[in-house]
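Since the structure comes first, as structure tokens, the remarks are kept for the end.
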Amino acid sequence: TTGDGLRPRWNAGSDPALWLRSWGDGEEVVRGDSVHGENGQAAIRLPGLSPGAYRLHYATTDAFGAEFETRQELIVVDRDQTSLAVPVLLWSKRSSVPVGETAQFLVHTGLDDQELVLELFHRNRLLRRERIRPASGAQIVELEIGPEHRGGIGARLTGVRDHQLLAATAGALVPWDDRVLDVSFST
């Protein structure tokens with residue numbers, strides 16, 4: 001029936017990575033080669049890109065002749081110019097942030113005049129709540145990570161549009177690197 005393929009109003013689950021992945025490829029911007037080191041890793045340098053969404057296609061052949069291809073969506077952000085056609089976007093810049101460094105979260109809405117609320121949590125306790133104003137474009141929200149944040153930080157972005165919940169979550173692990181287990185055996 002009509003509307004069966006649409007996302008239900010009560011399903012607030014919205015993964016921006018899935019939206020970006022569903023978009024078709026655009027015009028090729030840059031092409032290059034990379035060389036893998038002894039550790040199996042390769043570094044890829046990209047030129048200065050304009051703000052927006054991009055897709056990196058990667059293909060390689062291993063030492064046994066097997067081919068491998070993958071792709072990864074990227075977002076280039078400029079606080080004044082980034083505009084993506086997604087209802088809400090909340091991404092953590094890094095999945096793990098050690099004590100003494102800064103956790104950064106990208107917050108964005110592609111909807112005009114859409115107010116959002118961002119909440120930061122640690123161990124299910126609210127650390128901070130702030131209103132996000134859409135007129136200010138994409139925003140980077142930062143949190144200085146201290147020893148009290150060990151275990152991790154959670155972020156939740158919410159809003160309501162046309163009687164539909166807009167929600168996104170992200171997180172960053174804060175490792176317990178202050179604890180070292182020293183085990184020795186003797187006979």
Side-chain angles (χ1 to χ4, degrees), residues 7-8 10-23 39-46 49 51-56 58 70-79 82-111 114-134 136-161 164-184:
R7 181 179 61 86
W10 58 86
N11 182 0
S14 54
D15 183 356
L18 294 177
W19 290 327
L20 296 177
R21 202 165 295 129
S22 72
W23 295 352
N39 63 0
Q41 295 182 353
I44 300 171
R45 293 214 178 261
L46 299 174
L49 299 171
Y54 295 88
R55 179 170 294 130
L56 174 71
Y58 176 79
T70 189
R71 64 184 188 177
Q72 177 65 48
E73 286 68 31
L74 309 170
I75 295 178
V76 176
V77 177
D78 180 318
R79 294 179 188 195
T82 301
S83 180
L84 297 173
V86 294
V88 291
L89 178 70
L90 176 63
W91 272 354
S92 177
K93 182 175 181 179
R94 295 169 48 195
S95 60
S96 181
V97 183
V99 170
E101 295 191 19
T102 303
Q104 294 181 318
F105 296 95
L106 170 63
V107 179
H108 175 71
T109 178
L111 301 172
Q114 179 62 53
E115 284 197 19
L116 301 169
V117 175
L118 175 69
E119 298 168 309
L120 299 178
F121 294 92
H122 173 65
R123 295 186 182 163
N124 294 324
R125 290 205 170 125
L126 181 65
L127 297 175
R128 189 163 105 197
R129 178 181 289 139
E130 61 184 86
R131 285 183 149 178
I132 303 296
R133 307 277 185 211
S136 52
Q139 296 179 39
I140 305 294
V141 176
E142 298 182 335
L143 178 67
E144 296 294 324
I145 300 298
E148 69 276 11
H149 299 124
R150 289 191 195 279
I153 298 296
R156 179 173 56 205
L157 184 65
T158 55
V160 176
R161 179 78 165 214
Q164 296 182 62
L165 175 65
L166 306 174
T169 58
L173 172 70
V174 180
W176 295 92
D177 54 4
D178 61 332
R179 297 175 181 160
V180 178
L181 180 61
D182 187 14
V183 178
S184 62

Could you pull out the closest heavy-atom pair between L120 and A155, with the gap in Å?
CD2-CB, 3.6 Å
List the atom of R94, the atom of P98, and the distance in Å for their closest heavy-atom pair.
NH2-CD, 3.3 Å
Residues E115, R133: salt bridge by 4.0 Å N-O rule:
yes
Check whether R55 reaches the backbone of W23 with its side chain - one donor and one acceptor, N or O, closer than 3.5 Å.
yes
Correct closest heavy-atom pair for E73 and R21 would be OE1-NE, 3.5 Å
Under 3.5 Å, is there a donor-acceptor pair between the side chain of Q114 and the main chain of V160?
yes
Using only atom types and a distance under 3.5 Å, with no angle test, would you say the side chain of H149 pairs donor to acceptor with the backbone of H122?
no
To the nearest 0.5 Å, how far apart are CG in L89 and CD1 in I75?
4.5 Å
Between V141 and R128, is there a side-chain heavy-atom distance shorter than 4.5 Å?
yes
Heavy-atom closest contact (A53 atom, L20 atom, distance):
CB-CD2, 4.0 Å
Taking T102 for its side chain and L143 for its backbone only, find out whether a donor-acceptor pair lies under 3.5 Å.
no
Do the non-hydrogen side-chain atoms of I140 and L106 ever get within less than 4.5 Å of each other?
yes
Minimum heavy-atom separation for A168 and L90, please, with both atom names.
O-CD2, 3.5 Å
Of all the heavy-atom pairs spanning T158 and A167, show the shortest one and how long it is.
CG2-CB, 4.3 Å
